[in-house]
Trainee: 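Pasting a structure here, questions to come.
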Amino acid sequence: MSLLKATPELDLVVWPHDRGCDRTWLLDNVPGSSGLVVMLTDKTVSTMSVGYEHIDLKAAAQRGLKVGYTPDVLTDAVADLSVMLALMASRNIGIATAVVREGQWPNRPWSPFALCGPQLSTIASSPTRKVGFVGFGRIAQATLARLVPFGITHCLYSSNPSSPTNHERDAELAKAYKLQSVTKVNVDELARESDFIFVLAPGGPDTYHIINENFLKQMKRTGILVNASRGTLVDSDALAKALREGWIWGAGLDVVEGEPNVTIGHPLVKEPRCIIIPHVGSATLETRTAMAVRVAQNLIAGVLGGHMPAQVDLSGYR
């Protein structure tokens with residue numbers, strides 16, 4: 001906001017409350033605007049997100065709008081959270097914290113395998129660990145870097161089938177991280193071979209329900225699924241069934257299809273081995289501040305005819 005206020009060419013009208021903007025207020029104040037954060041206007045769209053599937057890009061292109069977004073700045077925060085979800089899901093943290101919060105601990109005698117789950121890190125008796133990535137962009141590669149100290153031995157990934165395999169990059173990553181391999185595979189092989197699977201691909205029709213019943217049935221029974229991208233990539237009903245029937249061990253979700261309408265009656269909320277948090281992947285003070293700055297920079301540049309720091313390429317939509 002300080003960047004916007006410091007730009008004298010802009011006449012700001014600001015919703016004064018820390019909650020969703022009232023539609024009536026918006027419609028009363030938007031006429032004549034040259035720029036509006038997130039919403040479509042007659043010059044610029046600036047969204048505070050790395051994804052932009054919520055924007056009609058074809059309509060934006062036809063109207064000659066510029067669209068700004070916030071890649072890069074949230075990469076580290078989402079990668080951190082992805083590893084956290086993997087640990088929480090594999091170590092049954094949802095069940096374990098409930099034991100304490102519900103006062104059950106005094107009534108649960110210790111036993112050798114109580115609350116045990118699959119281990120993310122390798123040990124002498126279990127020296128191989130394969131992680132799979134659905135999508136292998138910035139956030140996936142940052143997540144891989146954080147997993148290396150756990151002793152990960154193999155990295156598998158799937159990406160757009162039309163994209164050629166980058167053998168040189170994969171070899172460089174394997175060498176840099178001392179991995180046995182970094183390999184592009186199809187989604188079926190990724191499901192079968194991976195111990196932990198991280199869903200970090202863009203949303204949209206091409207990836208809708210890419211994690212479906214067929215995929216989940218191929219996963220290991222000790223497999224962990226993490227989704228920190230978009231809820232639409234995972235079929236919630238299929239995942240709930242997989243957890244309920246023991247096809248996989250657990251899941252960690254920062255996103256759920258249909259969010260925020262995820263209530264206590266949701267099939268995934270009912271599954272004790274499913275960790276769900278309310279889409280907070282970028283929710284650190286540092287990252288959200290950096291995102292807000294980028295939004296303001298994009299808006300100012302778009303409205304005043306400058307170069308946006310992060311602009312969506314709309315050339316294919318015209």
Side-chain angles (χ1 to χ4, degrees), residues 72 74-94 115-160 163 165-201 210-211 215-216 218-229 233-234 239 242 247-255 273-275 277 281:
D72 301 323
L74 51 69
T75 297
D76 291 315
V78 178
D80 290 349
L81 182 125
S82 296
V83 177
M84 180 193 81
L85 286 171
L87 289 167
M88 292 181 72
S90 63
R91 298 296 295 272
N92 302 313
I93 297 303
L115 296 176
C116 287
Q119 187 165 321
L120 176 58
S121 58
T122 53
I123 59 175
S125 60
S126 182
T128 301
R129 202 68 81 241
K130 298 180 180 181
V131 295
F133 294 93
V134 178
F136 202 53
R138 290 181 294 264
I139 296 174
Q141 291 179 44
T143 303
L144 173 62
R146 285 155 172 76
L147 293 169
V148 169
F150 287 91
I152 300 306
T153 53
H154 300 75
C155 170
L156 310 174
Y157 70 90
S158 65
S159 59
N160 191 326
S163 300
T165 302
N166 191 334
H167 295 288
E168 182 178 354
R169 180 207 59 191
D170 293 351
E172 289 175 354
L173 286 173
K175 181 179 180 180
Y177 294 144
K178 297 181 173 60
L179 301 175
Q180 294 183 31
S181 64
V182 175
T183 310
K184 183 178 181 179
V185 298
N186 60 47
V187 291
D188 292 329
E189 183 176 349
L190 187 139
R192 290 193 304 268
E193 296 295 326
S194 302
D195 298 299
F196 288 75
I197 295 176
F198 296 84
V199 182
L200 293 166
I210 192 171
I211 308 300
F215 183 99
L216 293 162
Q218 296 183 78
M219 286 180 62
K220 298 179 181 180
R221 291 182 68 85
T222 54
I224 301 295
L225 181 77
V226 171
N227 185 9
S229 54
L233 276 73
V234 176
L239 178 56
W247 305 348
I248 68 173
W249 187 271
L253 309 176
D254 183 43
V255 290
R273 286 188 178 175
C274 187
I275 298 290
I277 53 179

Trainee: Counting C-beta onward and ignoring hydrogens, is there a side-chain heavy-atom pair between Val134 and Ile197 closer than 4.5 Å?
Mentor: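 Yes, their side chains come closer than 4.5 Å.
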Trainee: For Ser229, does its backbone N or O pair with a side-chain atom of Asp254 as donor and acceptor, under 3.5 Å?
Mentor: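 No, the answer is negative, given that no donor and acceptor are paired below the 3.5 Å cut-off.
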Trainee: Within the structure provided, determine whether Asn166 and Lys184 are in side-chain contact (heavy-atom separation under 4.5 Å).
Mentor: no
Trainee: Considering all heavy atoms of both residues, which atom of Ala228 and which atom of Leu200 are nearest to each other, and what is their separation?
Mentor: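 Taking Ala228 first and Leu200 second, the nearest heavy atoms are CB-CD2, 3.9 Å.
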Trainee: Measure across Thr75 and Arg138 and return the closest heavy-atom pair with its distance rounded to 0.1 Å.
Mentor: CG2-O, 3.7 Å
Trainee: Once rounded to the nearest 0.5 Å, what's the spacing between atom CG of Leu74 and atom CG of Leu81?
Mentor: 11.5 Å
Trainee: Are Phe196 and Leu85 close enough that some pair of their side-chain heavy atoms sits under 4.5 Å apart?
Mentor: no
Trainee: Could you check whether any side-chain heavy atom of Leu173 comes within less than 4.5 Å of a side-chain heavy atom of Leu179, counting everything from C-beta outward?
Mentor: no
Trainee: Any side-chain heavy-atom pair from Val185 and Arg192 closer than 4.5 angstrom?
Mentor: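 No. Closest side-chain heavy atoms not under 4.5 Å.
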Trainee: With rounding to the nearest 0.5 Å, note down the distance linking CD in Glu172 to CZ in Arg169.
Mentor: 9.5 Å
Trainee: Taking the side chain as every heavy atom from C-beta outward, state whether Phe198 and Ile139 have any pair of such atoms under 4.5 Å apart.
Mentor: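 No - every pair of side-chain heavy atoms lies 4.5 Å or more apart.
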Trainee: Would you say Leu216 and Leu225 make side-chain contact, with heavy atoms under 4.5 Å?
Mentor: yes
Trainee: Can you name the nearest heavy-atom pair linking Phe150 to Val83, along with the distance?
Mentor: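 For Phe150 and Val83, the tightest heavy-atom pair comes out as CE1-CG1, 4.1 Å.
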Trainee: Testing the basics here: between Ile224 and Ala89, what is the closest heavy-atom pair and its distance to 0.1 Å?
Mentor: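 In this case the closest contact between Ile224 and Ala89 is CG2-CB, 3.8 Å.
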Trainee: Would you say the side-chain atoms of Ser126 pair up with the backbone N or O of Ile123, donor to acceptor, closer than 3.5 Å?
Mentor: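 Not at all, since once roles are kept as given, no pair shorter than 3.5 Å links the two residues.
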Trainee: Nearest 0.5 Å, please: how far is CG in Asn227 from OG in Ser82?
Mentor: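 So the gap between those two atoms works out to 9.0 Å.
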Trainee: For Ala140 and Phe133, work out which heavy atoms get closest and say how close.
Mentor: O-CE2, 3.5 Å
Trainee: Considering the options Gln218, His154, Lys130, which one meets the side-chain hydrogen bond (donor to acceptor under 3.5 Å, both in side chains) requirement together with Glu193?
Mentor: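 Only one option passes, and that is Lys130.
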Trainee: Can you tell me how far apart OG1 (Thr143) and CD1 (Ile152) are? Round to the nearest 0.5 Å.
Mentor: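 Those atoms lie 11.5 Å apart.
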Trainee: Would you mind telling me which of Ile277, Val226, Ile93 makes a side chain to side chain contact (heavy atoms under 4.5 Å, CB included) with Met84?
Mentor: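 Going through Ile277, Val226, Ile93 one by one, the side chain to side chain contact (heavy atoms under 4.5 Å, CB included) with Met84 is satisfied by Ile277 alone.
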Trainee: Hey, is CZ on Arg91 packed in by over 12 heavy atoms from elsewhere, all under 6.0 Å?
Mentor: no
Trainee: Measure the CD1-CG distance between Ile248 and Leu239 for me, rounded to the nearest 0.5 Å.
Mentor: 5.0 Å
Trainee: Is it true that a side-chain atom of Thr153 and a backbone atom of Arg129 form a donor plus acceptor pair closer than 3.5 Å?
Mentor: yes
Trainee: What is the minimum heavy-atom distance between Ala145 and Pro149, and which atoms define it?
Mentor: O-CD, 3.6 Å
Trainee: Is it true that a side-chain atom of Ser121 and a backbone atom of Gly151 form a donor plus acceptor pair closer than 3.5 Å?
Mentor: no
Trainee: Without swapping roles, check the side chain of Ser90 against the backbone of Leu87 for a donor-acceptor pair under 3.5 Å.
Mentor: yes
Trainee: Within a strict 4.5 Å, meaning less than it, do heavy atoms of the Cys155 and Phe136 side chains meet?
Mentor: yes
Trainee: In Å, rounded to the nearest 0.5 Å, how long is the span from CE of Met219 to CH2 of Trp249?
Mentor: 13.0 Å
